[in-house]
Asker: 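Please find one structure pasted underneath; my questions will follow.
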Protein chains: 2
Amino acid sequence: MAAVKFSRQREAIKEFLYSRKDHPTAEVVYNNVVKEYPKISLGTVYRNLSFLVDKGEAITVPCSDGSVHFDCNLKPHYHFQCNECGKIADIEMDDADYEKKILDGARKHTDCGEITGHVTFFYGICDECKKKK
Amino acid sequence: MAAVKFSRQREAIKEFLYSRKDHPTAEVVYNNVVKEYPKISLGTVYRNLSFLVDKGEAITVPCSDGSVHFDCNLKPHYHFQCNECGKIADIEMDDADYEKKILDGARKHTDCGEITGHVTFFYGICDECKKKK
DNA sequence: AACAAAAACAATATTCATTATCAATATCTC
DNA sequence: GAGATATTGATAATGAATATTGTTTTTGTT
């Protein structure tokens, strides 16, 4: 049961997300999709973004400032956030040993249970903000 | 100006925070301090926790589930969160090269600007939750 | 010790992002 | 195309965090 039906709005949301390499928030997705579907509501955007996440077609990127961004890059990767403008960029670190190194390092230093994964966030200043100074 | 005055409530909040090795949320702090000061308000707890953070006597631990925890462990360290119960534990990783290794690794794979720091969160299952299964 | 100014308090109101509700509409199956 | 049901849009509800307001405490001064 719970058959999934097609919806233009969902398709538009998905299309927009996949057209961008940065990682928009629900708000940003709404502000763009509303141009094509002026009557779309914010709830629909949230609902469908969650839907994509549930289906495994997107992931959420929760930032330490409390904002939640959506990311259609499904390959395991890291994120960089600019302290100035808040922009997020991907860091593709395809070194196969990297994840293992980090986890093994952590496992040595704890007895709190079983470590299965980790989330790392890098911070700094992006090129654009650097130039402004 | 801006002289800091003593307050029993602030002291109680601080004392509670320092008495725990896990990392309570504002809510949890409130629920415990209210036992000693039944009339204390949630606002006071938030205000004083922020105050401690501003003074550098505590740090915030923003988790990917959106919750914000408070930590009185001032030494640089990592955190582990149990996927089952949400409990947070410290991971003391005093390997001096560790931070450098991680940052250098990331710097190799990006051109997005200057990386100045990182935040890493480990996930898994804690011993207690593991035993329950 | 009493006073007044400064700071902190408790309670409440407000904000903001996200989620839930529900009648109306769009999509799918036969 | 008709009936069944998933999805929408609009709005209300939620919940964490912050701001506001009027009242108490605390402190320094006389």
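Sequence lines set the chain letters: A, B, ... in the order given, protein chains first and strands last, and positions in each chain run from 1. Note: hydrogens, waters and symmetry copies are ignored here, and every other heavy atom, side chains too, is used.
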Asker: Grab the OH-C1' distance between Y30(B) and dT12(C) for me, whole Å please.
Answerer: 13 Å
Asker: Quickly work out the L52(B) CG to dA8(C) C1' distance and round it to whole Å.
Answerer: 14 Å
Asker: Determine whether more than 12 heavy atoms belonging to other residues, nucleotides or ligands lie under 6.0 Å from atom CZ of R107(B).
Answerer: yes
Asker: In whole Å, I'd like the distance from the CG atom of N31(B) to the C1' atom of dG15(D).
Answerer: 14 Å
Asker: Give the rounded distance in Å between these two atoms: CZ of F51(B) and C1' of dA8(C).
Answerer: 10 Å
Asker: I'd like to check F51(A) versus V4(A) (side-chain heavy atoms, cut-off strictly below 4.5 Å). Are they in contact?
Answerer: yes
Asker: Considering every strand and a 4.0 Å limit on heavy-atom distances, what is the contact class for L42(B): base, sugar-phosphate, or nothing?
Answerer: nothing
Asker: Nearest-nucleotide wise, let me know which of R47(A) and G43(A) is further upstream toward the 5' end of DNA chain D.
Answerer: R47(A)
Asker: Can you tell which of dT7(D), dA17(D), dA17(C) lies closest to the side chain of Y46(A)?
Answerer: dA17(C)
Asker: Whole-Å distance between dC9(C) C1' and L49(B) CG?
Answerer: 15 Å
Asker: From C-beta outward on S41(B), which listed nucleotide comes closest to its side chain: dC28(C), dA7(C), dA11(C)?
Answerer: dA11(C)
Asker: Between I40(A) (CD1) and dT8(D) (P), how many Å, whole number?
Answerer: 7 Å
Asker: Of S7(B) and S50(B), whose nearest nucleotide on DNA chain D comes first from the 5' end?
Answerer: S50(B)
Asker: Output the single nucleotide from dT26(D), dC9(C), dT8(D) whose closest atom is nearest the side chain of R10(B).
Answerer: dC9(C)
Asker: For Y78(B) and H118(B), take the angle between the two ring planes, folded into 0 to 90°, and tell me which bin it lands in: parallel under 30, tilted 30 to 60, perpendicular over 60.
Answerer: tilted
Asker: Using a strict threshold of under 4.0 Å (side-chain N to carboxylate O), is an ion pair present between K130(B) and D127(B)?
Answerer: no
Asker: Can you find a donor-acceptor pair, distance only, under 3.5 Å between K5(B) side chain and dA6(C) base?
Answerer: yes
Asker: Applying salt bridge (charged side-chain N to carboxylate O under 4.0 Å, His left out) as the test, list every pair that has at least one member in residues 49-71 of chain A; sequence neighbours left out.
Answerer: K14(A)-E57(A), K55(A)-E57(A)
Asker: Please check the phosphate of dG9(D) (OP1 and OP2 only) for any side-chain N or O of Q9(A) closer than 4.0 Å.
Answerer: yes
Asker: Nearest whole Å is fine: how far is dA6(D) C1' from N48(A) CG?
Answerer: 11 Å
Asker: Any idea which of dT8(D), dA6(D), dA17(D) is nearest the V68(B) side chain?
Answerer: dA17(D)
Asker: Mind calculating the distance between CD (E27(B)) and P (dT14(D)) to the nearest angstrom?
Answerer: 16 Å
Asker: Quick check: any donor-acceptor pair below 3.5 Å linking the side-chain of K39(A) to the base of dT8(D)?
Answerer: no
